[in-house]
Amino acid sequence: MSMPAIDVRNIVKTFGDFTAVKGISFSVEQGEIFGLLGPNGAGKSTLIRMLTTLLPPTSGTALINGFDISKQANDVRVAIGVIPQAMTSDLELSIEENLLIYAKLYGVPRATRTRLINELLEAVELLEWRDKPVKNLSGGMRRRVEIARGLVHEPRVFFLDEPTTGLDPVSRTAVWEMLQKIKATRDLTVLITTHYMDEADRLCDRIAIVDHGQLVALDSPLKLKASIPGKNVLEVSFGNAPAGWGDRVRALPHVEEITEHDHVFRIASANGPATTLALMAAADQAGVSVNSLSVQSTTLDDVFVHYTGRALRDALQEPSAADRGMIMRR
Amino acid sequence: MHRMWAIVERELRRFRRSPMLIVMSMIMPLFQLVILGYAFGGNVKHLKVAVVDQDHGLPAVRIRELAGAVSAGARTFDTIEYADQGQALTDLRNGVVNGVLTIPPEFSRRVLTENEPRVALIQDNTDNFASGALSGSISSLLAAFNAPPTPARVAGKATLDVVEVYPYVPYIQYLLPGSICMSIFMMVMIGGGIIFIDDKARGLHEGYLVTPISKFELIAGFNVSGTIKAVIAGATIMIIGSIVAGVPQPLDPFRMLRMLLVVVVTAFALISLMFLIMVRVTDPLLPRAIFGVLNTLLYFPSGAVYPTYAFPGWMRVITSVDPFTYAVHAFKSLILKDTGIGAITGDLLYLLAFSVIAMGAATMLFKRTL
């Protein structure tokens with residue numbers, strides 16, 4: 001069995017009294033696309049910053065391509081490519097200049113520099129824009145520049161910290177396609193953090209759900225979805241639900257789990273259509289009005305709700321733990 | 001060290017595309033040179049002196065004639081005849097006149113009897129420069145009044161002969177060394193410190209920190225690129241300033257080369273100091289906030305605008321460690337005295353030692369992690 005590309009061992013990071021990462025362990029096999037999924041402040045960025053040597057762990061460690069992040073930081077840096085959360089390209093420089101400077105920072109030999117830059121610009125479809133200053137590019141194009149920049153020294157492990165945050169849907173899709181194309185042509189292990197469920201579902205071979213600094217679930221998207229009750233999820237909002245209405249709903253056919261948040265019921269059902277018909281009949285009989293109703297297949301969002309007790313979209317509104325950590329550090 | 005050159009290349013490519021940065025770092029020192037040079041450098045002229053002649057004798061008339069000669073010649077002051085001393089003093093207090101020259105009754109008689117004749121100058125001493133010029137001019141006037149009509153063949157009194165080694169130095173030339181240092185400092189601040197912290201705040205440094213570049217290579221890269229930028233600013237002001245200030249043979253290539261050497265060493269010392277100050281700073285407002293403080297602390301105690309001999313003891317301590325002091329001294333030697341390298345070796349050695357210590361300390365303090 002080959003050595004894991006990433007081997008995280010009980011890693012902890014504290015900022016003052018606040019523990020941002022609470023003893024996380026996992027490993028990523030060579031060639032895998034591994035997703036870290038969680039809301040803002042879950043500890044994803046802190047974890048990725050430790051793995052990329054930007055933050056020293058408080059305890060525990062990790063091996064990247066066999067190198068210890070604490071003891072062999074420089075070897076780790078040579079082995080990895082990193083796309084930080086913030087856009088870090090030089091706005092005044094052209095696309096090609098950005099790649100050239102980083103190729104020199106990584107010590108890429110002059111003989112291979114030009115070839116690598118050309119290949120990467122072609123892969124991210126920016127070849128004809130190579131002379132344009134980065135400041136003239138759209139957010140999506142800038143992200144593609146950074147993806148190319150992160151690969152300019154042919155790393156074995158590629159870290160992307162929320163690469164599509166702040167991009168419009170079209171640019172997000174373009175970045176996904178770009179990543180899949182690059183991955184298909186290179187011997188590359190990818191660790192990507194995101195809070196977009198569809199992104200994680202589409203891109204990742206395996207997903208780790210992180211919440212409040214802890215790993216709450218880890219598996220392939222299919223297995224994660226299969227691990228929670230129900231095949232479908234009904235989201236229903238009632239206008240005048242009486243007391244005990246939740247119990248009535250729970251007793252409907254095929255209902256496996258029910259949660260309520262802000263008067264919206266999320267009902268996990270083994271047979272969505274049958275439960276929907278029964279629910280409408282019960283509401284009609286009880287004189288309860290239905291304001292809205294949707295039925296969908298189980299998604300990673302449902303997986304997140306199941307494991308964390310709240311929807312990711314709600315968790316995203318909470319203050320970021322990373323921000324809290326930064327405040328405490330100051 | 002190839003990674004250091006990547007940082008230098010990156011910084012200079014960015015610098016080339018920010019022409020406003022280059023212009024702005026030069027405008028302030030150039031304006032300062034011209035405005036301060038002419039504002040402080042001229043002789044005091046056209047002060048108003050009330051002359052109250054209470055004697056009207058021939059010696060009093062002679063005093064008034066000599067005053068009139070100053071008014072017509074050097075024009076340090078213009079005279080206004082007053083009949084009433086009370087009115088003259090009221091006008092002095094109201095700022096209408098700068099001084100009142102009173103020739104008292106009995107002045108002529110005392111002159112003729114050689115009985116300690118005196119005239120009085122009552123002056124507005126709220127302006128030291130004006131009052132100093134006025135009392136100096138009136139003293140010269142009285143010296144001329146006291147001079148014998150025909151000098152004695154063998155003088156009995158010792159006199160002072162002053163020999164000036166260098167041609168007259170206008171204040172604008174005196175100010176030029178400080179202005180060159182200021183242009184270097186401006187570029188170091190704007191093109192070094194402020195950009196460094198802004199990049200940090202924008203997260204650009206995360207990009208570097210995940211590469212295998214060492215702390216020393218990073219700091220050296222920033223220092224070398226900052227030095228090159230500051231040398232461009234300093235050399236430009238050195239050339240333009242020499243012409244504007246009327247330095248004799250302003251473009252003498254040998255002196256220019258010696259001055260360029262001082263520009264390079266000064267730029268390296270100031271950029272090293274800047275990174276030592278900024279190495280742990282993260283707030284982008286801080287470099288802007290301390291800009292004025294640093295400017296005052298480095299520029300004024302250096303002797304750029306006023307001789308350091310006049311400073312109190314505590315201020316001389318600042319002067320003795322301030323890199324500006326040594327740069328200003330070196331530039332003064334080259335511009336005002338046209339000396340060789342030998343006269344500025346001590347200055348160059350101090351600036352180099354300062355650079356090495358500051359850069360070493362900055363490298364030690366630099367955090368390789370966030």
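Predicted, not measured: the structure shown is a model, and the values here were computed from it. Proteins get letters first, then strands, A, B, ... in listed order; numbering begins at 1 in each.
- A donor-acceptor distance shorter than 3.5 angstrom exists from the side chain of A:Arg113 to the backbone of A:Val108, with no hydrogens or angles considered.
- Interface remark: B:Arg13 contributes backbone and side-chain atoms alike to the contact with chain A (heavy atom separation under 4.5 Å).
- Contacts of A:Tyr102 with chain B are made by side-chain atoms alone, with heavy-atom separations under 4.5 Å and no backbone atom involved.
- Interface summary for chain B: among A:Asn74, A:Thr53, A:Leu54, A:Ile101, the most heavy-atom pairs under 4.5 angstrom belong to A:Leu54.
- With contacts defined as side-chain heavy-atom distances shorter than 4.5 Å, the pair B:His205/B:Phe196 qualifies.
- Heavy-atom contacts from other residues, nucleotides or ligands closer than 6.0 Å to CZ of B:Phe216 number 12 or fewer.
- When every heavy atom of B:Val265 is checked against every heavy atom of B:Leu351, the shortest pair comes out as CG1-CB, 3.3 Å.
- We find that A:Arg142 and A:Glu146 are not joined by a salt bridge, their nearest charged nitrogen and carboxylate oxygen being 4.0 Å or further apart.
- A:Lys22 contributes a side-chain N or O that, together with a main-chain N or O of A:His212, makes up a donor-acceptor pair within less than 3.5 Å.
- Scanning both residues, A:Ile147 and A:Phe158, for their nearest heavy atoms gives O-CZ, 3.7 Å.
- A:Thr61 and A:Asp68 form a side-chain donor-acceptor contact under 3.5 Å, judged by distance and modelled atom types alone.
- Residue-level contacts of residues 80-99 of chain A with chain B, in order of numbering, are A:Val82, A:Pro84, A:Ala86, A:Met87, A:Thr88, A:Ser89, A:Asp90, A:Leu91, A:Glu92, A:Leu93, A:Ser94, A:Glu97; threshold 4.5 Å between heavy atoms.
- Between chain A and the residues B:Ile7, B:Asp199, B:Ile213, B:Thr369, the most heavy-atom pairs under 4.5 angstrom are made by B:Thr369.
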